Amino acid sequence: MRYNKINDLPHFIQGVVVHGFGRGGKQLGCPTANLDEMAVNQLPEKFPCGVYYGLAQVGCGGLHRMVMSVGWNPHFHNQKKTVEIHILHKFSSDFYNSHIRAVALGFIREMQSFKSLEELMEAIREDISLAEKKLSLIDMKEYEDLDFFRMKG
Ligand code: ADP
Ligand code: MG
């Protein structure tokens, strides 16, 4: 399978949660925490666009499973990359301006455009279900113990 060609994983990334362009993530039940420009610029130039699964931590909170997209932002005429993380956890409030640390562990699919909102939502559901399946096999403790995730603040 061609996805196995991506051997730069796991990839660790951290940044500050900034406002996106309200493309309806939250309305679709899929809010994405957008990383700040500096974090995005630190991605290796050849890091492939697409959808990934991994783990993320907001501030000094717990480690959660996540789905991350790396892509080109149409609002900037596709000249600016964005990194967006949907955390598979229900938060009681928004966390803009918080520090977020994440590790991308596996590649799910390339970016694509969808003919309809229904198709997009179906793809998101499939991404999440694949991420849950893959992430159920990993040992979270192994990652919680890493210095990168500062579980105690
Ligand atoms: P924006 O366009 O500003 O990124 P979104 O609709 O994508 O707006 O919502 C993202 C925001 O929702 C995040 O920045 C965060 O503060 C909040 N949020 C709440 N729950 C989650 C979650 N489970 N995963 C990601 N972000 C979440
Ligand atoms: Mg967003």
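What you see below is based on every heavy atom in this structure, not just the backbone, and it leaves out hydrogens, waters and symmetry mates. Keep in mind that what you see is a predicted model, and the values were worked out from it rather than measured. Counting convention: from 1, in listed order, for ligands and their atoms alike.
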Under 3.5 Å between any N/O of Asn34 and any N/O of ligand 1: does that happen in this structure? yes
Protein N/O/S neighbour count - the Mg ion (ligand 2), strictly under 2.8 Å: 3
Salt bridge present between Glu37 and Lys80 (N-O < 4.0 angstrom): yes
Applying side chain to side chain donor-acceptor pair (under 3.5 Å) to Asp94 and not counting sequence neighbours gives Lys26
Please say whether Gly20 places an N or O atom under 3.5 Å from an N or O atom belonging to ligand 1. yes
If we count only N and O atoms by modelled type, under 3.5 Å, do the side chains of Gln14 and His99 hold a donor and an acceptor together? yes
For ligand 1, which is the ligand I care about here, please tell me if Phe21 has any N or O atom under 3.5 Å from one of the ligand's N or O atoms. yes
Heavy atoms of Gly15 and Asp36 approach each other most closely as CA-OD1, 3.3 Å
Which atom pair, heavy atoms only, marks the closest approach of His64 to Gly62? CD2-O, 3.4 Å
Atom of Val40, atom of Lys81 and distance for their closest heavy-atom approach: CG1-O, 3.3 Å
So if you build clusters from Ile, Leu, Val, Met, Phe, Trp, Tyr with side-chain heavy-atom gaps below 4.5 Å, do Ile85 and Phe95 land together? yes
Salt bridge present between Lys141 and Glu144 (N-O < 4.0 angstrom): no
Step by step, work out the ring pair (Phe, Tyr, Trp, His ring centres under 6.0 Å) result for Tyr53 and His86. CA-CA 10 Å; Tyr53 63 84; His86 172 61; over 10 Å; no
Close approach, Ile85 and ligand 1, non-hydrogen under 4.0 angstrom: yes
When only distance counts, is Phe95 in polar contact with ligand 1, meaning an N/O pair under 3.5 Å? yes
If the cut-off is 4.0 Å to any non-hydrogen atom of His89, which atoms of ligand 1 fall inside it? 23 (N)
